[in-house]
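Along the sequence shown, the residues carry numbers beginning at 1. Just the heavy atoms: all of them, side chains too, but no hydrogens, waters or symmetry mates, feed the values below.
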Amino acid sequence: MLEIILFYLASGVALAATILAMTRANAIHALIYLIVSLLAVAVIFFLVGAPFAAALEIVIYAGAIMVLFVFVIMMLNLGEKGDARERQWLQPRIWSGPAVLSLVLLCELLYLISSIEGSASAGTVTAKTVGIALFGPYVIAVELASMLLLAGLVGSFHLGRRTLERGS
């Protein structure tokens, strides 16, 4: 019964963080909420008995891809005006929303880890299973997704560079 409550709590956090990520005008704020949403999805994976999938969710999505997004945003630096605006955006009140949602997820995850014997489902997902699935029949899809991410990075660099050249 408690796992069901924790599942709905984590899904509520994921839903709220995703809605907040989609409604933010500032790209950095949207990324912060998106990271919280991805962490909530990782908690859901852990709840359903897939701890390896939860770890992959955190390492690949919340870690690597979000760092890539932040890198692109930093690469499109807008100079002194952008720095002044960014200092205004870094007020503590801006971090309160993601901090509260992350605190809920942390408390939930700590509870789950303390009662790990009761949260295991029918089976666990191992690294070998994920590797065989990704690089077996889905190897073309994985490679196409990586090329799509690379194309998006190059395209955003060129679009941002043209904007900076016009503004100077």
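Here the closest heavy-atom approach between residue S37 and residue A17 is recorded as N-CB, 3.7 Å. The heavy-atom pair separating E108 from F7 by the smallest distance is OE2-N, 4.1 Å. Smallest separation of non-hydrogen atoms from A21 and A30: O-CB, 3.3 Å. In terms of heavy atoms, L105 sits closest to V36 at CD1-O, 3.7 Å. The minimum heavy-atom distance between A53 and F45, with the atom names listed, is O-CD1, 3.9 Å.
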Just do the side chain to side chain contact (heavy atoms under 4.5 Å, CB included) check on Y33 and L101 with the steps written out, would you? CA-CA 9 Å; Y33 279 112; L101 293 174; 4.2 Å; yes

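Of the inter-residue distances, the one linking S96 atom OG with L103 atom CG reads 12.5 Å to the nearest 0.5 angstrom. Separation of atoms CE (M22) and CG (L34) is listed at 10.0 Å; rounding is to 0.5 Å. Between the CE atom in M1 and the CG atom in L6 there is a gap of 11.0 Å [rounded to 0.5 Å].
Applying the side-chain contact (heavy atoms from CB on, under 4.5 Å) rule to A16 yields no partners; only residues at least two apart in sequence or on another chain are considered.
Note on Y111 and I5: separate hydrophobic clusters, where clusters join Ile, Leu, Val, Met, Phe, Trp and Tyr whose side-chain heavy atoms are under 4.5 Å apart, directly or indirectly. Under the 4.5 Å side-chain heavy-atom criterion for ILVMFWY residues, no single connected hydrophobic cluster contains both L106 and V41. Hydrophobic clustering (side-chain heavy atoms under 4.5 Å, transitive across Ile, Leu, Val, Met, Phe, Trp, Tyr) groups I140 together with F135. Cluster annotation: L2 is connected to L9 through the hydrophobic network of ILVMFWY side chains, with a link wherever side-chain heavy atoms come within less than 4.5 Å. When the side chains of ILVMFWY residues are joined at heavy-atom separations under 4.5 Å, either directly or via intervening members, Y8 and I44 end up in a single hydrophobic cluster.
Residues L38 and I58 have side chains not in contact (no heavy-atom distance under 4.5 Å, counting atoms from C-beta outward).
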